[in-house]
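Contents: one structure, followed by commentary.
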Amino acid sequence: MGRLIVVSNRVPVPDKDGKLPAGGLAVAVHAALKDKGGLWFGWSGKAVEDEDPGAVEHREHGPITYALTDLSTRDVDEYYSGFANRVLWPLFHCRIDLAEYSRRDKDGYFRVNRMFADRLMPLIEPDDVIWIHDYHLIPLAEELRRRGMKNRIGFFLHIPWPPADILFAMPIYDQILRCLASYDLIGFQTDHDMDNFISCLIREGVGKRVRDPAQLEQDPTEARVTAYGREFSTRTFGIGIETQEFADMAARANTSEPVREMERSLAGRDLVIGVDRLDYSKGIPERITAFERFLDLNPDRSGTVTLLQIAPSSRSEVPEYRDMQTTVEALAGHVNGTMGRIDWTPIRYVNQSIPRESLAGLYRAARVGLVTPLRDGMNLVAKEYVAAQDPDDPGVLVLSRFAGAARELQGAVLCNPHDSEQTARAIAWALEMTLDERRARWRVMMDYLLENNIETWCKSYLAALDATKTK
Ligand code: ADQ
């Protein structure tokens with residue numbers, strides 16, 4: 001088998017000392033690249049004024065080559081901040097109201113994908129296997145095929161796939177659907193996403209499941225599909241985390257200074273934690289409202305619980321993200337102003353990224369992990385919270401039913417983030433839960449996460465992509 005070629009919008013390049021950026025995906029994919037030897041191609045993160053971004057920069061780290069391209073400021077504006085993050089992201093998260101479609105941005109999106117294909121083509125050898133990540137690069141396989149590429153090409157979508165009625169609201173949905181038929185394997189986070197995708201093909205009248213006589217009962221996690229004259233595989237691969245490593249880090253971090261500081265300031269109060277990028281899909285305003293409702297419904301809880309919401313800004317070049325910052329600050333300020341006391345602030349809002357080790361320790365110190373996105377492909381925070389718990393005295397995960405993680409984490413207390421009353425009751429229940437029940441719920445989730453970690457995810461995707469050559 002040839003090399004592995006990974007393509008993603010941004011490339012997590014090791015630093016000067018060869019240290020990898022934190023986070024499971026980078027670590028797992030690096031491990032796979034190391035095994036087979038390979039190349040990781042994508043945007044360097046740098047924007048240049050010139051329309052021509054210059055040559056691809058190659059950096060070698062052991063058996064891995066990083067091939068980085070800059071983008072022009074116009075490319076970043078149209079492809080990244082424009083079509084990817086103002087059309088595909090909101091639409092795939094079912095927020096048609098926030099999708100700002102423009103032909104200019106759509107053209108920029110396809111232009112950058114063509115440019116990626118032009119730059120990638122000369123780097124590929126006939127036996128190489130190509131793995132493309134996420135919504136920024138949906139058209140890339142079609143562009144590569146147009147240039148004569150015959151290699152196996154896989155795609156993994158990290159975010160949800162929307163139902164047909166939502167997708168069809170996008171003016172060029174048919175082009176996006178067609179592009180995907182150029183892949184040999186399309187990976188989704190959950191069976192719901194895969195189902196939505198196949199339903200879109202069926203509703204559009206352009207594709208269907210291939211009936212496989214060997215499969216007497218239909219497997220909801222795997223299907224062969226024909227569409228636009230090509231046959232390909234679709235399958236679910238729920239992304240995992242480095243479960244054991246994260247658990248060990250949390251156990252160590254428990255005695256670290258930031259965690260001790262937090263515990264001192266809590267003075268015995270229960271901690272409820274929320275950790276997210278500041279993004280409208282994460283349901284942060286709804287979460288604050290639910291916490292306020294919880295305090296309303298449980299006056300005896302006044303002064304005994306603190307919600308720590310950690311939410312660093314992201315994508316600040318997109319107006320909806322800047323607006324979120326103001327909304328969250330105002331909501332947290334309102335709850336603190338109306339319900340707080342001289343000796344107690346109900347909500348602590350931290351608008352910063354914090355080191356992974358401190359994060360792990362804070363998860364462990366929290367009695368409740370409040371993970372309530374309005375829609376989320378998977379949500380790794382939910383998995384990290386579980387992995388970080390003390391096995392003898394674990395906290396409770398309150399999880400939105402609209403996170404992909406809800407399809408996997410059977411021990412979570414599920415809630416509907418649109419229903420503040422229900423979420424408020426889930427918080428109250430989680431805080432009152434007996435030790436026996438907490439332990440039982442945690443054990444089920446932890447066993448699942450130990451078995452289905454990031455390494456399993458990476459290996460099973462690559463094995464499935466490899467298997468497509470025999471189909
Ligand atoms: P994201 O939308 O970024 O990922 P998520 O899966 O929750 O969401 O991952 C966020 C990561 O950032 C976690 O590892 C978390 O620890 C870290 N993080 C968040 N806030 C932080 C803070 N304040 N300081 C430090 N670290 C912080 C997309 C999809 C998800 C999917 C992932 C992976 O939207 O649904 O789970 O990709 O496929």
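One-based numbering, in listed order, for ligands and for the atoms of each.
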Nearest-0.5 Å distance that lies between atom CG in Leu271 and atom OG1 in Thr306: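 With rounding to 0.5 Å, CG (Leu271) is 7.0 Å from OG1 (Thr306).
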
Between [Y] and [X], is there a salt bridge with N-O shorter than 4.0 Å?
{"X": "Asp174", "Y": "Arg178", "result": "no"}
{"X": "Arg86", "Y": "Glu317", "result": "no"}
{"X": "Glu320", "Y": "Arg95", "result": "no"}
{"X": "Asp390", "Y": "Arg439", "result": "no"}

Relative to the heavy atoms of [X], which atoms of ligand 1 are at a distance of less than 4.0 Å?
{"X": "Ile310", "result": "23 (N)"}
{"X": "Gln189", "result": "31 (C), 38 (O)"}
{"X": "Ile354", "result": "22 (C), 23 (N), 24 (N), 25 (C)"}
{"X": "Val381", "result": "7 (O), 15 (C)"}
{"X": "Arg356", "result": "14 (O), 16 (O)"}
{"X": "Pro312", "result": "20 (N), 22 (C), 23 (N)"}
{"X": "Arg277", "result": "1 (P), 2 (O), 3 (O)"}

Considering distance alone, does some N or O of [X] sit under 3.5 Å from an N or O of ligand 1?
{"X": "Asp376", "answer": "yes"}
{"X": "Trp89", "answer": "no"}
{"X": "Val275", "answer": "no"}
{"X": "Gly377", "answer": "yes"}

Considering only heavy atoms, does [X] approach ligand 1 within less than 4.0 Å through its side chain, its backbone, both, or neither?
{"X": "Leu359", "result": "side chain"}
{"X": "Ile239", "result": "side chain"}
{"X": "Gln352", "result": "backbone"}

message: Counting the benzene-type ring for Trp, do Phe188 and Phe197 have ring centres under 6.0 Å apart?
response: yes

- prompt: Are His93 and Phe402 near enough that their ring centres are under 6.0 Å apart?
  reply: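 When the ring centroids of His93 and Phe402 are compared, they turn out to be at least 6.0 Å apart.
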
- prompt: Under 6.0 Å from the CD atom of Glu263, do we count more than 12 heavy atoms belonging to anything else shown?
  reply: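 Yes, enclosed.
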
- request: Determine whether any heavy atom of Phe237 lies closer than 4.0 Å to an atom of ligand 1.
  value: no

message: If you take the nearest heavy atom of each of Met378, His158, His133, which one is closest to atom 38 (O) of ligand 1?
response: His158

task: Look at the aromatic rings of Tyr385 and Tyr363 and report parallel, tilted or perpendicular, splitting at 30° and 60°.
output: perpendicular

- prompt: Do the side chain of Thr234 and the main chain of Glu222 share a donor and acceptor less than 3.5 angstrom apart?
  reply: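 Side chain of Thr234 to backbone of Glu222, a donor-acceptor pair under 3.5 Å: no, none is there.
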
